[in-house]
Protein chains: 4
Amino acid sequence: MDQIQGDAPGKLSAKRAERLERILNAAEQCFAESGFHGASIGSIAKACGMSVGHLYHYVENKEALIEEVIRRELGRHMQRLTELESAEPGDLVDELVAKVAETILHETDLFRTVLNFETLAEAQRNPKVAEVLQEFDGRMRLRFSEILRRSGVPHPEQKTELIFTIFGGLPARALRHPEQERTIITDTIVPVMRRILSDRTTD
Amino acid sequence: MDQIQGDAPGKLSAKRAERLERILNAAEQCFAESGFHGASIGSIAKACGMSVGHLYHYVENKEALIEEVIRRELGRHMQRLTELESAEPGDLVDELVAKVAETILHETDLFRTVLNFETLAEAQRNPKVAEVLQEFDGRMRLRFSEILRRSGVPHPEQKTELIFTIFGGLPARALRHPEQERTIITDTIVPVMRRILSDRTTD
Amino acid sequence: MDQIQGDAPGKLSAKRAERLERILNAAEQCFAESGFHGASIGSIAKACGMSVGHLYHYVENKEALIEEVIRRELGRHMQRLTELESAEPGDLVDELVAKVAETILHETDLFRTVLNFETLAEAQRNPKVAEVLQEFDGRMRLRFSEILRRSGVPHPEQKTELIFTIFGGLPARALRHPEQERTIITDTIVPVMRRILSDRTTD
Amino acid sequence: MDQIQGDAPGKLSAKRAERLERILNAAEQCFAESGFHGASIGSIAKACGMSVGHLYHYVENKEALIEEVIRRELGRHMQRLTELESAEPGDLVDELVAKVAETILHETDLFRTVLNFETLAEAQRNPKVAEVLQEFDGRMRLRFSEILRRSGVPHPEQKTELIFTIFGGLPARALRHPEQERTIITDTIVPVMRRILSDRTTD
DNA sequence: CATGAATGAGGCTTCATTCAT
DNA sequence: CATGAATGAAGCCTCATTCAT
């Protein structure tokens, strides 16, 4: 069910895979610079040193290309969860908070990307994109709440929703109030997260 | 602030104002349906029963039109603050939380719009839009934190940042996990807000 | 239900009509030269001294353009029936045959056009075109058999089918055996037609 | 007659012949579905499980491919004459009519093919195709009129022209008035043919 | 004030054909 | 023999914008 055409099962000759990779990288860059609809296929082709016609040997559609770029991005978000999962339960809350804080401060927090808003805007109009987004979010929720559960945090699903809401709000905050970004994270978000996670009450 | 052309010196005739209003309404609707780059000037002209040429008598540019639509939207966000300001300090925290909860539940929370993500994406690329966004956010922060201060909430600026982060995260959450939206607000966000606002400690 | 867009009811400003006419003429010529799919919109635009973009103000689609050209052609076929209808019943068979023979010899027989085969080929794949074709044929059958009936020809519907079959076969014959075209008409088709029409038996 | 490339001197290896056959079959099918200009070489290659590059080892050109497909089709038309030729002169007219009627009713009458109109349209523009068409028609005329002569039909060439005209008109009739097709053949065409063939007068 | 005619560039996509492997 | 990578032109169509009326 891959978005990208061809994909002879098994084969996918290294060359083909490498080309596709190059295309996706170029597309990502162009989309980040000009938006999904501002970037032209021509510009993407040029960015990866390929003729337009050739690009279409690897990609079925502009839409499919957008979708695949989004998928890759979301996949990267997912991968960031892996480091959190490796934390030992026990003093886990502290460690978790520390790691999360660090992540956020390095601008790699769970939902941040240049394409973040582009993607969300697209999801409002393109049901396929919405579906992809929701599917990924579902898997991330599952994994994150499992981490919380292992750490003894009560109501892990609820806490996950809350924390994801805050994470999801950070990129917008950064755009609306850039100077404050760092401060708000260290001074406010981190303590709040600590409190959320260490709170043993039932709310 | 005169993105829009013509501003006849002194006052802009009622007729002119009414036309502009119609254009902006149509533009808003078209942009919401198809995105800033997906909607054509032609479609907007048709949507407000106007010829393309005539529309250009009122609007300098597509870009200016986008900017003005964004400005209007942000203005509406601002207006929603007004009702909060009318609350009496005293039992203000309770009232505030109640009002905020109500607002959110009616899908009119402070940052939610169909054009929300469209706008944020645009702000990433268009410095003028970014500036507008930041200017409005600054004024909203000021007013909101003033409300908090009047209610005796400590660290009002910090709390404002935190609450704005959460508000800003809600629309994204709604897109990523639609089924949960209502529940998370009533069960999680509202209690959290209450705790944030009634907390008298210094963090 | 016109194929061509715009057509503000009533108005259709003479100018607009004249432009459309020019477009259709150019299209007809280009299609005749290169076929429906061999002729490009660009070539048509150039042929009528218009920019491509402008042409699209008058025509919705290449498909719609093809359809309208076909409709016009079929309309002309229909018009040729009018002269036949003016014949006085009485010695009508003779006159009819004479007129038909004359028509054929001037290469304007009922189904002949450069676009004839192009149209038939298109009808095989495009149901809309097929429908148009069948609708026109129905009306022509009706009118032609009515002429026959007025002339006292028995089984007018059947004769109509037979004569239309022969007419429909002539253009193909002309392509397959060009040298013979004239001869076959005068020496063979005309006598056959005469016999078909004057035959009072029931077959 | 060597539209197709390669013709290894002497004989073309069985393998080569088989490949070519497969290509022509695929091409025929694709052309029938999408028309000569609508079908792409790529689609034909896919339809015969061959790579595009490989296909070009057997075929020089798209144009040559079209021409060869046409040639094959016309060849099949010719072959249908063979069964008519086997009829014994004597009661030949009856038998002939019967056979022809049967042929027509099975939609295999002498000029009917899905590619019929496509071919005729092409012949109007491509002189090479026109030439092929005329050459085949000449040979068919010769053979058919010979059959008539053997059966004692007077003016066999003239009758041939007439009958070929009717045959050539049938497929168009079928497109223009589909419901009537069967009826017109059995009720009208067959009797007419019988009369044409058994008529001993000089017209 | 108001229309919509007009443009030309640019976007997405497809295609016939060639060539390196 | 066989593949499919690669190209570049061309096709259809849309769009923001301007201008004559």
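Just so it is clear: chains get the letters A, B, ... in the order the sequence lines come, proteins before strands, and each one is counted from 1.
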*asked:* Is the phosphate of F/dG4 approached by A/Arg16 (side-chain N or O, under 4.0 Å from OP1 or OP2)?
replied: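 No, no such contact exists.
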*Kindly say if B/Arg19 contacts the phosphate of E/dC1, meaning a side-chain N or O under 4.0 Å from OP1 or OP2.*
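So the side-chain polar atoms of B/Arg19 never come under 4.0 Å of the phosphate oxygens OP1 or OP2 of E/dC1.
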_pair B/Leu65-B/Ile41: side-chain heavy atoms closer than 4.5 Å_ =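 They are in contact (side-chain heavy atoms under 4.5 Å apart), so the answer is yes.
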Using atom [atom1] of [X] as one end and atom [atom2] of [N] as the other, report the distance to the nearest whole Å.
X	N	atom1	atom2	value
D/Leu55	F/dC1	CG	P	13 Å
B/Lys46	F/dT14	NZ	P	11 Å
C/Met50	E/dG4	CE	C1'	13 Å
C/Arg22	E/dA5	CZ	C1'	12 Å

*Any donor-acceptor pair under 3.5 Å linking the side chain of D/Thr119 with the backbone of D/Leu115?*
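At least one qualifying donor-acceptor pair exists.
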*Salt bridge present between C/Arg72 and C/Glu21 (N-O < 4.0 angstrom)*: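 Judged by the 4.0 Å cut-off on N to carboxylate O distance, C/Arg72 and C/Glu21 do form a salt bridge.
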*Going by an N to O cut-off under 4.0 Å, is there a salt bridge joining B/Lys128 and B/Glu122?*
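Not counted as a salt bridge, because no side-chain N and carboxylate O are separated by less than 4.0 Å.
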*asked:* The criterion is side-chain contact (heavy atoms from CB on, under 4.5 Å); which residues satisfy it with C/Glu33, sequence neighbours excluded?
replied: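 Once residues adjacent in sequence are excluded, the partners of C/Glu33 under the side-chain contact (heavy atoms from CB on, under 4.5 Å) criterion are C/Gln29.
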*What residues form a side-chain hydrogen bond (donor to acceptor under 3.5 Å, both in side chains) with D/Arg76, not counting sequence neighbours?*
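side-chain hydrogen bond (donor to acceptor under 3.5 Å, both in side chains) check on D/Arg76 returns D/Glu28, D/Glu73.
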*Could you list the residues that satisfy side-chain hydrogen bond (donor to acceptor under 3.5 Å, both in side chains) with A/Gln124, not counting sequence neighbours?*
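If we apply the side-chain hydrogen bond (donor to acceptor under 3.5 Å, both in side chains) test to A/Gln124, skipping adjacent residues, there are no hits.
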*Go along nucleotides 13-21 of chain E 5' to 3' and tag each nucleotide: B for a protein heavy atom under 4.0 Å from its base, S when only backbone or sugar atoms are that close, - otherwise.*
BBBSBB---
*Taking the nucleotide of DNA chain E with the closest heavy atom to each, which residue, B/Gly49 or C/Ser51, is nearer the 5' end?*
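Whichever sits nearer the 5' end wins; that is B/Gly49.
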_ring-ring contact (aromatic ring centres under 6.0 Å, His included) partners of C/Phe36, counting only residues at least two apart_ =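 Expected list: C/Phe31.
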_Stems involving DNA chain E, each a run of at least 3 consecutive Watson-Crick or G-U pairs under 3.5 Å_ =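 Runs of three or more consecutive pairs: E:2-21 with F:2-21.
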